[in-house]
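Heads up, the thing below is written out as structure tokens.
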Amino acid sequence: MAFSVGRVTRREWLGLCAGLLATGSTFLPWTVLSADTATSDVRDAFGTLPHSDVVRTAWNSDLFSWGPPLLLVLAGVAVVLFGQVRKARISGLPQLWLVAGLATILLMVIGWTTLDWVFDSDQRAFLEAAGVTISAGVGRYAGMAFAVGSAVAAVVDIRAARVESRASRSRR
């Protein structure tokens with residue numbers, strides 16, 4: 001059976017799009033330093049720093065920032081490429097997609113909770129003493145939303161695969 005773009009389901013396209021959008025979100029701010037409660041000297045110093053020192057993309061952060069979106073896009077590619085192979089769907093491709101989606105969410109949560117570990121302990125102590133906060137940027141929120149969307153689509157695909165399997169058994 002040859003691959004046909006027309007036979008790719010909307011759910012499978014959604015899985016690929018979620019992975020691609022999550023990967024695209026890695027170029028948005030993932031870690032942001034802010035000095036709202038800091039002295040005016042610290043705020044002035046932020047103005048002189050390069051933008052990449054104050055706002056970091058996932059690529060300038062850690063493995064828990066850029067790794068999960070790449071896992072999600074790999075799962076999306078696998079779902080689109082192998083979703084038409086009946087044996088792959090029956091053997092657990094939708095379940096594999098769900099596991100990849102949940103693993104992505106878990107890795108992103110770990111990345112979120114270890115957000116300040118991008119800086120060593122001396123840097124964290126200095127930033128805290130200066131009144132600088134380390135927070136998540138818009139890219140981290142967008143990446144998490146796409147990961148959750150992919151996991152939801154995987155659950156819907158599992159249910160659809162179950163219905164397909166029952167329908168094929170009843171025809172025999």
Side-chain angles (χ1 to χ4, degrees), residues 1-33 50-120 134-169:
M1 178 186 326
F3 177 79
S4 171
V5 173
R7 289 195 338 226
V8 177
T9 66
R10 288 183 183 162
R11 296 179 309 275
E12 293 164 345
W13 283 123
L14 183 61
L16 178 62
C17 287
L20 291 172
L21 290 170
T23 301
S25 74
T26 61
F27 296 100
L28 297 172
W30 274 60
T31 305
V32 179
L33 301 178
H51 187 266
S52 62
D53 286 349
V54 178
V55 176
R56 293 185 176 188
T57 65
W59 300 105
N60 296 332
S61 293
D62 58 357
L63 174 68
F64 292 112
S65 297
W66 55 265
L70 292 181
L71 173 63
L72 198 62
V73 78
L74 286 174
V77 168
V79 165
V80 166
L81 290 180
F82 301 112
Q84 297 174 16
V85 179
R86 178 167 163 60
K87 188 163 181 121
R89 287 192 57 77
I90 291 172
S91 298
L93 182 65
Q95 288 83 354
L96 180 66
W97 177 14
L98 178 61
V99 168
L102 293 176
T104 298
I105 292 169
L106 176 65
L107 291 171
M108 285 184 168
V109 167
I110 291 171
W112 215 308
T113 58
T114 61
L115 190 63
D116 58 346
W117 289 10
V118 174
F119 304 97
D120 65 31
I134 304 166
S135 58
V138 67
R140 200 172 290 269
Y141 288 100
M144 181 63 82
F146 296 131
V148 169
S150 180
V152 168
V155 169
V156 171
D157 197 46
I158 288 171
R159 295 181 61 89
R162 192 176 298 157
V163 169
E164 291 168 12
S165 175
R166 286 181 184 152
S168 69
R169 273 190 252 147

(request) Please check if the side chain of S150 supplies one atom and the backbone of F146 the other of a donor-acceptor pair under 3.5 Å. (result)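 Not confirmed, S150 side chain does not pair with F146 backbone.
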
(message) So does N60 get a backbone contact from the side chain of W30, meaning a donor-acceptor N/O pair under 3.5 Å?
(response)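 Pair absent, no side-chain N/O of W30 close to backbone of N60.
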
Approximate separation, where rounding is to 0.5 Å, of [X] [atom1] and [Y] [atom2]:
X    : Y    : atom1 : atom2 : value
I134 : D116 : CD1   : CG    : 5.0 Å
E12  : D157 : CD    : CG    : 6.0 Å
R56  : L115 : CZ    : CG    : 10.0 Å
L21  : L16  : CG    : CG    : 9.0 Å

Name each donor-acceptor pair under 3.5 Å that joins a side chain in residues 64-83 to protein atoms two or more places apart or in another chain, with its distance.
residue : atom : partner : partner atom : Å
S65     : OG   : D62     : OD1          : 2.8
S65     : OG   : R140    : NH2          : 3.3
W66     : NE1  : D62     : O            : 3.3

Indicate the atoms forming the closest heavy-atom contact of [X] with [Y], along with that distance.
X    : Y    : result
R11  : V156 : CD-CG1, 3.6 Å
A160 : R89  : C-NH2, 4.4 Å
L28  : G139 : CB-CA, 3.7 Å
A151 : L98  : O-CD1, 3.7 Å
P94  : A161 : CG-CB, 3.9 Å

